[in-house]
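Contents: one structure, followed by commentary.
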Amino acid sequence: MAANSVTATPRIDLYSDTVTRPTPGMRKAIAEAEVGNEQAREDPTVNRLCEMVAELLGKEAAIFLPSGTMCNEIAYRVWVDHGEEIVLEENSHALHYETGGPAALSGAMCRTIRGKRGMFTGTELEAVIRVPHGWHGQRQRLVSIENTANLGGGAIWPLEQIEDVAAVARKHGLKLHLDGARLLNAVVASGIPASAYAASADSAWIDLSKGLGCPVGGVLAGSRDFIEQAWRFKHQFGGAMRQAGIIAAAGVYALENHVERMAEDHANARLLAEGLAGIKGIGINPNEIDTNMVYFTVGGTGLTEQEFARRLLADHGVRIGPQGKDLMRAVTHLDVSRADIEEAIRACAAVVKG
Ligand SMILES: *Cc1c(COP(=O)(O)O)cnc(C)c1O
């Protein structure tokens, strides 16, 4: 705990669930992976991973990609042409954290909906539908949703709400894309199968490098025809690989070993939220913690979010990311224990006390 600079390595890192290191079991699976030429579709481990994810999501086929971002961007590229429109919630990852990818790579217009906790309803979607498409409005092509909703606080979409949105999309001839970076968190927390969440989506993906704890990758699924088109853009965007079974093996291992354990991350997020709620000046509603994300405000403590984060790291070795004015985000994952969470709560209390 000699940490006295903001660049110090945190002892307890709640910055994101992307900070996990491969476990010994995962490293062993990586070391022993059977490999081949992925871009010729000859890597047996990649093929196995894709079959597993296609089955998990109830789709005909799947494709392995280097990142979740590429899963979104390739799906958009398949569904949308230049000048056409994607409808998303206004706090979507694709809108804020993919460096303008939808515009840069697909030439897409993005129409936003102000939902609640990153989610919207069929009625709210209906309100932004351009009817009829007419001759001088852009063509709407796609609705893109996130489950769980990241900036929505890791919120889980109710299944009926997805079906409601999907029905409106379908009625107007729009495709539905499911950004499932943390879909398995929703599955573990709700008990609803991934295939049920993805059933009304034309394309859906899961991230391997978030709660599942892999070093790299995402897997995008859809119809056989959709995946064939995705392959073309995978090459075009530079995402085709060679002996990628080395990294896909981590995905296979994680799907077999790291899914159910995410319940611990959710319990830890709850514990953290309840602890933070007891600290004067911190704003949080523990009842809104659905999964592994804990957003809270520090405005009432007299510290800015930057100062709060700086002191927490420098004085206590705990990293929690500042996320905008007065706002902080903590994310639980497989490299933090219950004891770490208890310590993080004590550290936050100490920072507030000054
Ligand atoms: C992390 C994330 C992505 C992007 O995934 P990467 O693997 O980081 O490229 C997309 N959507 C959501 C909701 C995310 O949280």
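Numbering of ligands and ligand atoms starts at 1, following listing order. The analysis underlying the following values was restricted to heavy atoms, covering all of them including side chains, and did not include hydrogens, waters or symmetry mates.
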**OP:** May I ask you to identify, for Asn72, whether its side chain, its backbone, both or neither come under 4.0 Å of ligand 1 on a heavy-atom basis?
**Re:** side chain

Original post:
Is Leu220 reachable from Val78 through a run of hydrophobic residues whose side-chain heavy atoms are each under 4.5 Å from the next?
Top reply: yes

Original post:
Is there a nitrogen or oxygen of Asp179 sitting under 3.5 Å from a nitrogen or oxygen of ligand 1?
Top reply: yes

Original post:
Does some side-chain heavy atom of Met26 sit less than 4.5 Å from a side-chain heavy atom of His258?
Top reply: yes

**OP:** Answer with yes or no whether the side chains of His316 and Glu343 bring together a donor and an acceptor at under 3.5 Å.
**Re:** no

Subject >> Closest to atom 12 (C) of ligand 1 (judged by heavy-atom distance), picking from His96, Glu98, His93, Arg182 >> reply: His93

Original post:
Short N/O distance, under 3.5 Å, between Met70 and ligand 1?
Top reply: no

Subject >> Residue pair Tyr97 / Thr69, side-chain donor-acceptor N/O under 3.5 Å >> reply: no

Subject >> Close-contact set for ligand 1 against Asp207 heavy atoms, below 4.0 Å >> reply: 5 (O), 6 (P), 7 (O)

**OP:** Would you check the N or O atoms of Trp205, main chain and side chain alike, for any that come under 3.5 Å of an N or O of ligand 1?
**Re:** no

**OP:** Give the ring-plane orientation class for His177 versus Tyr76, where under 30° counts as parallel, over 60° as perpendicular and anything between as tilted.
**Re:** perpendicular

Original post:
Any N or O of Lys210 that comes nearer than 3.5 Å to an N or O of ligand 1?
Top reply: yes

Original post:
Which atoms from ligand 1 have a heavy atom of Glu146 less than 4.0 Å away?
Top reply: 13 (C)

Original post:
Quick one: which ligand 1 atoms are inside 4.0 Å of a heavy atom on Gly68?
Top reply: 4 (C), 5 (O), 6 (P), 7 (O), 9 (O)

**OP:** Please report the C-alpha distance between Ile192 and Val187 in whole Å, then the side-chain angles of each, then the deciding distance to 0.1 Å, and finally whether the side chain to side chain contact (heavy atoms under 4.5 Å, CB included) criterion is met.
**Re:** CA-CA 5 Å; Ile192 294 172; Val187 167; over 6 Å; no

Original post:
N/O of Thr148 under 3.5 Å from N/O of ligand 1, yes or no?
Top reply: no

Original post:
Do the side chains of Leu183 and Leu212 join up, straight or via other hydrophobic residues, at under 4.5 Å, putting them in one cluster?
Top reply: yes

Original post:
Counting heavy atoms only, which part of Thr69 comes closer than 4.0 Å to ligand 1: side chain, backbone, both or neither?
Top reply: both

**OP:** Return the set of residues passing salt bridge (charged side-chain N to carboxylate O under 4.0 Å, His left out) with Arg41 (not counting sequence neighbours), or none when no residue passes.
**Re:** Glu228

Subject >> Atom indices of ligand 1 within 4.0 angstrom of Ala181 heavy atoms, with elements >> reply: 2 (C), 11 (N), 12 (C), 13 (C), 14 (C), 15 (O)

